Amino acid sequence: MTDYKDTVYLPKTDFSMRAGLPTKEPQILKLWEEINLFKKLREQRKNSEPFILHDGPPYANGYLHIGHALNKIIKDVINRSQSMLGKNANYVPGWDCHGLPIEWKIEENYRKKKKNKDDIPIVEFRKECRDFAAKWMDVQSEEFQRLGVYGDWEDPYSTMKYESEAIIMSEIGKFLMNGSLYRGIKPVMWSPVEKTALAEAEIEYHDHISTTIFARFPVVKTSSDIISDFEIIIWTTTPWTMPGNRAVAYGKDIDYSLIEVTDVGENSLAKIGDKIIIAKELMADVMKEISVLSFNSSITLKGSDFAGTILAHPLNNYGYEHEVLLLEAEFVTTDQGTGFVHIAPGHGADDFELGRQNNLPIPETVSDNGILNSDLPLLGGLRVLKDNEIIADIMHKHNALIGRGRLNHSYPHSWRSKAPLVFRTTPQWFISMTTTNLRDTSLKALSQTTFYPPQGQNRLTKMIEDRPDWCISRQRAWGVPLAIFVNKKTQEPLRDQEVIDRIVEVFKTDGADAWFEKPSSFFLGSKYNPDDYEAVTDIADVWFDSGSTHSFVLEERDDLFWPASLYLEGTDQHRGWFHSSLLESCGTRGRAPYDAVLTHGFVLDQQGRKMSKSLGNITAPQKVINEFGADILRLWVVGSDYYDDLRIGKEILIRHSDHYRRLRNTLRYLLGALNEFDEKEKINFTEMPELEQWVLHRVSELSVKIQENTEKFNLHDIYLDIHNFCTIDLSAFYFDIRKDTLYCEDSSSVERKSCRTVMDILFKSLTTWLAPIICFTAEEAWQSRYKDSENSVHLQTYFKGDKNWKNDELGKKWSDIRELRSFVTTSIEEKRKVGILGSSLQAKVLIEANEESFKVLQDVNLPEIFICSDVHMDLNRNLSETKIKVNIELASGGKCMRCWKIVPEVKNNIELCNRCTKVLKFN
RNA sequence: AGGCGCGUAGCUCAGUUGGUUAGAGCGCACGACUGAUAAUCGUGAGGUCGGCAGUUCAAAUCUGCCCGUGCCUACCA
C-alpha cells in the first residue's frame, strides 16, 4: 500500500496551536514600539473623522487592580474598534495627581521619621507629593501598556502639570467672574488641636466621657393650647452646642406624654409643678435619670400635633432671645434621650440639613481652636470639649436644665493627635447650582447626552436634581490653590480678570506653587493695596481638577477635540467624574463635555462577592497576565456583560481560555489552509459553488452587524457573534465539509480555488474583527501570514463584505439544509453507537424526504454536505410533519487510500478513487 | 435608611412588542477520527428562568411584596 499523505494538501503554518501569550505578548509590544505603531496610525488617520474617547484619570498612587484593567481594556477595545471603522481614534491617557491619599502617604513618611508636617514648608511638601505621583504614573503607564492599551503614552496628561494647574485656576476664575462662586459655610469634622478639618478616613472612634444635660425649652407659641405652658425637654451630650441651637426636632409618629411633676428627689434639678413633654416610650427612663419620684401624665400627643410650635431657648432671658422652631425630622428616634433632638445647624450633619431645609440661620459659635466666641452671652470664651461641666453649671444656675449626667460613649477622635473632634461650620467656597442656572443647564445637557446603558441618564439626572451647591474648597495642601483674594473689609472676593490672568500666567510657567511662594502684591499688581486683601489658602476639590480635564486636555491639545465623543468609566463615576465634568463644563461652556457616556459595572469574585483583602478573593491583573496573558483578560472583558457587574476567578478565566482556543485554532486553520496562497487563485463570487457563496453571505451579514455594534459600542455582541460564527458556521460546518476539497482536490480546480478565496476573505475578516479584542493574537496571526511588521493589522480597517454577497434567500436555504443535516448526523451517530461504523465517510445515507425538504436538498451535493461517501434520496409525499426519514448503510466499495472515501471503483489492487487518480496524474 | 441597578444550566451569555417543548458556546459524560492532533467532529445529560402572590386564555418577559447582591449617598478616587 502506498502512503499518499505527501500528495494531500495538509494545512501548514508556523502559527502555533499553543499560544504562550505571557511570553509572546511582550514581543509583540516590542514590535509595535519598533515600528512606532501609534504615531504611524495617527499620521495615517490625521484627516479622518475623529473619535475622541477622553480618558478618565486614574489616581496615581499604587499598582493597578482588576478594576483599572477592566476600564482601560474596554476603552482600548472601543478605541481600536472605532479605528477599525476608519476613524482617527486618538487616545490620550491621563492621571489624577492631587488629593488627600497622596498627602497621607507623604505624611505617613514624616510620621515614621518623627517629623511634623506643619514644620515642613508647604512648597517642599508639595514637591514630595508631586514626586510620589510621578513615580506611580510611570508604574501604571507600564502596566496599562502591558494590557495592550494603546495611546499616547509618551505624552499623557496629568492634573499636576503646570499647564493643567494653570488652566484649572483659570476655570475657577470663570466661576469667580460669572458670580456663581461664593463663600458660604458648611459643617465639617474639626480638630481644635490641629486646627484643621478632617476627612472621614482620618477619624477614629474611642470612648469618651461627655457631660450630658436635659435642657428646658419653654413653649412660646403654639396652635395646640394644651401645651402652651409646658416645656419641651431635650437631651444632649454636647452642652457647648447650646449657643448654636436654633431648633428642636420631633418625630411625627412618636407618642409624646404631657407630664406634671408631683414629687422629686433630693438633688433633682426638676421642681414640683414642672410641666414637661417627652416621648412616652422614654418616660420611665428619663424620670429616673432626672430624679422625678412621681408625676401625672394623662395626656399623650403625636409628634405631628406639635407642627408650627415655637419655643424659647433655655437661656432665653440671658441673651439668647431668638426663636427656636419645633420641627419635624425623620432622624428622630426613641432609642435614647427624650424623643426631642436639639438642633444646632452648625454642629451636625443632620442639624445642618434640617436647618437648610427650614432656612434656619447657621451661627458660627466656635473658633478654630475650639473656643466659644467671646461675644456669646454667659458662655463666651469657654472651651468646647473641656468646659462642658462649667457650661452645665452656668445653665443650671440660670434655670435652664431639668437634669444632667455623664456618659461614656464612642466619640470621634483625630487619628493624628488622638484628640476628640467637634462638628464646626467653616467658611467654604461653593459653586452655586442656581445663580447662573447651573442646575437647569446641566439637566438640559444630560437630556442631550447618549447613555450606555440608558439607565445612567436617569441616575445622573436624579443626582443633579437633588444635589446642593458644589463645595470646591478643601483645607489641604496638595492641590490647585483657590487663588482668590478676599477684601478684608467687605469679605467679598476680588473679581478682576486681570488679576486672574496674572495668576494663570505664572502658574503656567512656575506651577501652582507660585501662589504660596510669591507675595500677594505680585498678583494684585498696582491697582490694589495688598494690605486690603487676604489670600485664600484653601485648595480646590480634586473633583474640580478632574472635572476640568476637558478644558486642559481636549481644548488645549491640537490633536484632540472638544467635546469628547465618549466618557467611559465605572458606575461609581456617576457621582464622580461624569458629575463634576458635567457641572464644570455646563458652568463654563453651557453644555456637557461629552456626547455620550458609557458606564461599566464592578468586578466581583467568582461567587459574586466584592473583592477584599480580608476575604482573600482578589484577582490581580498582573497575575492573570502572567498565567494566562492579556488577551485572555481582554476576552474576559468582552465576553462578560460589563454593563452589569462582572465576576472573575480561576474557572471563569479557564472558560475564557477555552473560548480563546477556538478563536486561535480557527485562525490557525485558516493560515494552514492558505499556505502559499496566490492572489491569482482568486475566483469571482459568481463562479463559486453555492456553499462558498453562502459563507460570503454570512460574512456580509456579520460585517454589517459588527459595523453597527461597533458604532453602538456593543463589544459584547461583537464577540458573541464572532465566536459563534467560528464555532458553528466555520469549524463545525464549513471547514469540516471543505476538508476534502482543500486536502484532496486538484489545486487548479475551481472548487479548491473558491474555497481558498473564501478562506482568504475569512482570514482578513476575522483578524480585523478580532484585532480590537485580542489585539496581540490578531497581530500574531496577521504577521504569521504577511510577514510585514510595518503593515500591522492595527493599521487596517474592518474587512467589509461585498454588498452582492448578501443573499437572504440563500441564507434561509442553507439554514434549512443544516437543520436536515442534523437529522443525518444523529442517525449516523446511532449507527456509530452500535459499532456499525466509525467515520462518517463509511456511510451511505438513505433519505426519504417530504416535498418541501426534497426541494431544499435536490440540487445540493449531499455526500459533500454530510461528509459521507454516498447518498440516495427519494421523494416521499406521504411525509408531511416529518421532514425527512434517514437510514444509514455502509457505503459499498473500497476505501480510497488518498481521500478515504468509500467508492465502488476502489477494489482489488486499485487503491485510488477516480478523482484522486485524476488529481495525481496532473501533478 | 434612601437613590440607581442586577439575579436564566457548573461557567460566560442569548432570549424581539407576553405566545409552541426556555436557547448557544465552554465545561462535563459517552463516542468517532488519527490528514486542524494538548486539535477536530458527533451524540447526550444539565434549568421550579432568586422566592411568593397577582394581572392574563397565556408570564423568564407585566405588577406588588420578599430574599440575595453591587454601585452611590466622604476634605477617597
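Side-chain atoms are counted along with the backbone in the values below, which use heavy atoms only and exclude waters and symmetry mates. Just so it is clear, the model here is predicted, and its values are computed rather than measured. Numbers restart at 1 for each chain; the letters A, B, ... are given by sequence-line order, proteins then strands.
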Atom-to-atom span, NE2 of A:H656 to P of B:G27 - whole angstrom: 13 Å
For A:D350, side-chain contact (heavy atoms from CB on, under 4.5 Å) partners two or more places apart: A:F331
Polar atom pairs (N or O), protein with nucleotides 1-4 of chain B, under 3.5 Å:
| from | atom 1 | to | atom 2 | distance (Å) |
| --- | --- | --- | --- | --- |
| B:G3 | N2 | A:R459 | NH2 | 3.0 |
| B:C4 | OP1 | A:K462 | NZ | 3.4 |

Under 3.5 Å donor-acceptor pair, A:W543 side-chain atoms to B:A77 base atoms: yes
A:Y719 OH to B:U12 P, straight-line distance once rounded to whole Å: 13 Å
Sugar-phosphate, base or nothing in reach of A:G99, heavy atoms under 4.0 Å: sugar-phosphate
Polar contact flag, side-chain donor to acceptor under 3.5 angstrom, A:T13-A:R668: no
Nucleotide B:A9, atom P - distance to CZ of A:R655 in whole Å: 16 Å
Validation row: A:F733, A:I728 side chains within 4.5 angstrom (heavy atoms): no
Set of residues satisfying salt bridge (Lys or Arg N to Asp or Glu O under 4.0 Å) with respect to A:R634, sequence neighbours excluded: A:D76
B:G19 to B:A59 separation - P atoms, rounded to the nearest Å: 11 Å
Interatomic distance where CD1 belongs to A:I632 and P belongs to B:C26 [whole Å]: 15 Å
Sugar-phosphate, base or nothing in reach of A:K831, heavy atoms under 4.0 Å: nothing
Nearest-Å distance once atom P is located in both B:G54 and B:A60: 15 Å
Residues within residues 56-72 of chain A bordering RNA chain B, heavy-atom distance below 4.0 Å: A:Y59
Sugar-phosphate only, base, or nothing, as touched by A:H723 at under 4.0 Å among non-hydrogen atoms: sugar-phosphate
A:H579 side chain to A:R467 side chain, donor-acceptor N/O pair below 3.5 angstrom: yes
Residue mapping more 5' on RNA chain B - nearest nucleotide basis, A:Y643 or A:I728: A:Y643
Sugar-phosphate, base or nothing in reach of A:G576, heavy atoms under 4.0 Å: nothing
Interatomic distance at P, B:U61 relative to B:U16, whole Å: 11 Å
A:Y669-A:S731 side chain donor-acceptor pair, cut-off 3.5 Å: no
Chi-based syn or anti call at B:G31, which uses purine or pyrimidine torsion atoms and a 90° bound: anti
A:F763 six-ring face occupied by A:R785 cation (under 6.0 Å, within 45°): yes
Paired stretches of RNA chain B - 3 or more consecutive Watson-Crick or G-U pairs, each distance under 3.5 Å: B:1-7 with B:67-73, B:10-13 with B:23-26, B:28-32 with B:40-44, B:50-54 with B:62-66
Spacing of the P atoms in B:G18 and B:C57 (rounded, Å): 15 Å
Euclidean distance for P, B:G51 against B:C11 (whole angstrom): 16 Å
Side-chain donor-acceptor contact under 3.5 Å, A:E194 with A:S417: yes
Non-neighbouring partners of A:E143 that pass salt bridge (Lys or Arg N to Asp or Glu O under 4.0 Å), sequence neighbours left out: none
Donor on one side chain, acceptor on other, A:K75 and A:N71, under 3.5 Å: yes
Separation of atom CZ in A:F578 from atom P in B:C71, rounded to whole Å: 16 Å
Base-contact (B) and sugar-phosphate-only (S) positions in nucleotides 30-43 of chain B, heavy-atom cut-off under 4.0 Å, - elsewhere: -SSSSBBSBSSSBS
Salt bridge (Lys or Arg N to Asp or Glu O under 4.0 Å) against A:R459, all qualifying residues, sequence neighbours excluded: none
RNA chain B: 5'-proximal contact among A:D717 and A:S473 (nearest heavy atom): A:D717
Separation between the C1' atoms of B:U21 and B:G5, rounded to whole Å: 33 Å
For atom NE2 of A:H574 and atom P of B:C6, their distance in whole Å: 13 Å
Ring pair (Phe, Tyr, Trp, His ring centres under 6.0 Å) against A:W577, all qualifying residues, sequence neighbours excluded: A:H54, A:Y567
Distance, rounded to the nearest Å, where A:D645 contributes CG and B:G68 contributes C1': 13 Å
All ring pair (Phe, Tyr, Trp, His ring centres under 6.0 Å) counterparts of A:H716, not counting sequence neighbours: none
Nearest-angstrom distance, C1' atom, B:C72 to B:A58: 40 Å
Check: A:D55 side chain, A:P57 main-chain N or O, donor-acceptor pair, under 3.5 Å: no
Those residues that, when tested against A:R662, pass salt bridge (Lys or Arg N to Asp or Glu O under 4.0 Å) (two or more places apart): none
Between B:C75 (P) and A:F430 (CZ): distance, integer Å: 11 Å
Side-chain H-bond candidate by donor/acceptor type, A:W900 with A:D740, under 3.5 Å: no
Nearest-angstrom distance, P atom, B:A24 to B:A45: 12 Å
Short side-chain N/O contact to B:A14 OP1/OP2 from A:H716, under 4.0 Å: yes
Sugar-phosphate only, base, or nothing, as touched by A:R575 at under 4.0 Å among non-hydrogen atoms: sugar-phosphate
Anything under 3.5 Å between a donor and an acceptor, one on a side chain of residues 597-606 of chain A, the other on a protein residue two or more places apart or in another chain? List them.
| from | atom 1 | to | atom 2 | distance (Å) |
| --- | --- | --- | --- | --- |
| A:H600 | NE2 | A:G570 | N | 3.4 |
| A:D605 | OD1 | A:Q607 | N | 2.8 |
| A:D605 | OD1 | A:G608 | N | 3.0 |
| A:D605 | OD1 | A:R609 | N | 2.8 |
| A:D605 | OD2 | A:R609 | NE | 2.9 |
| A:D605 | OD2 | A:R609 | NH2 | 2.8 |
| A:D605 | OD2 | A:N617 | ND2 | 2.8 |
| A:Q606 | OE1 | A:K650 | N | 3.2 |
| A:Q606 | OE1 | A:E651 | N | 3.3 |

Nucleotide of B:G25, B:A77, B:C13 approaching A:D96 most closely (side-chain heavy atoms): B:A77
Sugar-phosphate, base or nothing in reach of A:Q606, heavy atoms under 4.0 Å: nothing
Minimum-distance nucleotide to A:Q573 side chain [options: B:C75, B:A77, B:G25]: B:A77
